[in-house]
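Shown next, in structure tokens, is the structure this report addresses.
Numbered from 1 within each chain, the chains take letters A, B, ... in sequence-line order. Remember, it's a predicted structure, so these values are computed and weren't measured experimentally.
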Protein chains: 2
Amino acid sequence: MFIHFICFRGGIVIGARDRNNDKYHRILEASVKVFADHGFHQSTVSQIAREAGVADGTIYLYFKNKEDILVQIFNYKTTQIFERFREVVDSAENPVEKLRNLIRRHLQEFQQDRNLAVVYLAETRQINRVMEDQIKVMSKMYFDLVAEILEQGQQDGHFRKALYLGLVKRHILGSVDEVISTWLHADGEYDLVSMADPLVDLFINGIGT
Amino acid sequence: MFIHFICFRGGIVIGARDRNNDKYHRILEASVKVFADHGFHQSTVSQIAREAGVADGTIYLYFKNKEDILVQIFNYKTTQIFERFREVVDSAENPVEKLRNLIRRHLQEFQQDRNLAVVYLAETRQINRVMEDQIKVMSKMYFDLVAEILEQGQQDGHFRKALYLGLVKRHILGSVDEVISTWLHADGEYDLVSMADPLVDLFINGIGT
DNA sequence: AAATAAAATGAATGTTCATTCATTTTATTT
DNA sequence: AAATAAAATGAATGAACATTCATTTTATTT
């Protein structure tokens, strides 16, 4: 765990205080933009450096290598986003509203940071990557949050008992991700967050009569 | 449309008869495997050639360039798969069964050809690519098929009228894709097709009581 | 204000790989 | 069985690019 908060310089480990350095964040944000525009593998370190306004070599003072930038993006952003997910889930008092808040916030986050959405959606669907384990951990966080809501909803009778919870979790996340993906492909021409209520309606009531 | 059925040799266009050549298909299948194992951008033409048992240069007798291989994979495979989707949808007599058949077949196809599933899921989530338009066309085929089922179901009272169809289509496809994705990440250790019925249940009845 | 340390630079390096094409092999025609 | 055409080969080419590191710039300490 701690390894994520350590970076290297000339083979010497330097501490987390550098995390406060704005150059680290400048590079992170620049990378999100460049990765979103060109995809991870077509992005060059020089492009990132130019976008961040630093020299190519400077990148390697803050990141082990190109892939480490992606790892750091996921770590940093996911941590932040999940804190906000937690907040809105906890602020609702019944499971239906918890689910609605979660999904609304989920859409909000990605509408707010379109580049992150592009990177996130593209990279979470890659198999056989060094990232894979990290992605699993992050998915699990989301799934656990949904599971918590679902179980609570089953107990207090909002949701029916005969549910294959493992499947319901995938069903919800997949549905939301696809809605985000379509929005991205449409160049964000409409309000993504407005999809939240109709989506929750589908989750809860289905399409049947 | 026709452009997809033409390939080049030394700058001279040769006809579709070469499509019957087994080398074309050998290269296609080899590419699916290599792309699945390493991802498109990390795959080298030499790897594909080795896997297909041909020389590097031979690839360029059948494909314009590396990306063209990916385009051809999508064209060829998608056409085939959609024919079978059409079949199973038409063979059912009511909308609920049509939907169930579609989803079951969808899962079947990808369970049968795991490598294709890997390539398909990874590449459909890429934005800003030459592929993008082609992917839109393919998604549209799927969406149109689902729309047809949904509208029919609304007319004969199986599905409720107050549905945002555009959203329902994304909801269904996204859910199915995520289920496939999870199965892939789990190394295909369980039967994917068995998810079909529980999924359809979720689509139709939702999770509410 | 020297001296030392830390941070940043960007040109140079070495590797990787898509693509080409001169040559060889195989198939078809005369 | 020549002659011609088509298909296939794989070594060579050259461009792209991640990473390194000798040097310079900036900050801190004595």
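For A:Phe143, there are no ring-ring contact (aromatic ring centres under 6.0 Å, His included) partners at least two apart in sequence or on another chain. Looking at residues two or more places apart in sequence or on another chain, you find a side-chain contact (heavy atoms from CB on, under 4.5 Å) between A:Ala147 and A:Glu151, A:Lys169. With sequence neighbours left out, the ring-ring contact (aromatic ring centres under 6.0 Å, His included) criterion links B:Phe159 to no other residue. Not counting sequence neighbours, the partners of A:Phe74 by the ring-ring contact (aromatic ring centres under 6.0 Å, His included) test are A:Tyr120. Partners of B:Tyr164 according to the ring-ring contact (aromatic ring centres under 6.0 Å, His included) rule, which considers only residues two or more places apart in sequence or in another chain, do not exist here. For A:Glu51, there are no side chain to side chain donor-acceptor pair (under 3.5 Å) partners at least two apart in sequence or on another chain.
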Legend entry - Nucleotide pairing, DNA chain C (Watson-Crick or G-U, distances under 3.5 Å), in dot-bracket with [ ] and |: ||||||||||||||||||||||||||||||
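Screening residues 117-127 of chain B for salt bridge (Lys or Arg N to Asp or Glu O under 4.0 Å), with sequence neighbours left out, gives A:Glu178-B:Arg125, B:Glu123-B:Arg129.
Here C:dT9 presents its C1' atom at 13 Å from CD1 of A:Ile27, a figure rounded to the nearest Å. Look at CG on B:Leu61: it is 17 Å from P on C:dT25, rounded to the nearest Å. When rounded to the nearest whole Å, the span between CZ of B:Arg50 and P of D:dA8 equals 20 Å. In this structure, the CG atom of B:Asp22 is 13 Å from the C1' atom of D:dA7, given to the nearest Å. Taking atom CZ of B:Arg26 as the reference point, atom C1' of D:dA7 lies 13 Å away to the nearest angstrom. Computed from coordinates, the A:Asp68 CG to D:dT19 C1' distance equals 14 Å when rounded to whole Å.
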Legend entry - Nucleotide-resolved protein contact map, nucleotides 12-19 of chain C, B/S/- at heavy-atom distance under 4.0 Å: -----SSB
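The side chain of A:Lys23 places an N or O atom within less than 4.0 Å of a non-bridging phosphate oxygen (OP1 or OP2) of C:dA8. Between B:Tyr62 and D:dA7, a side-chain N or O to OP1/OP2 separation shorter than 4.0 Å is absent.
A distance-only check finds a donor-acceptor pair linking the side chain of A:Lys66 to the backbone of A:Ser43 [under 3.5 Å].
Checked against the 6.0 Å centroid threshold, B:Phe40 and A:His41 do not count as a close aromatic pair.
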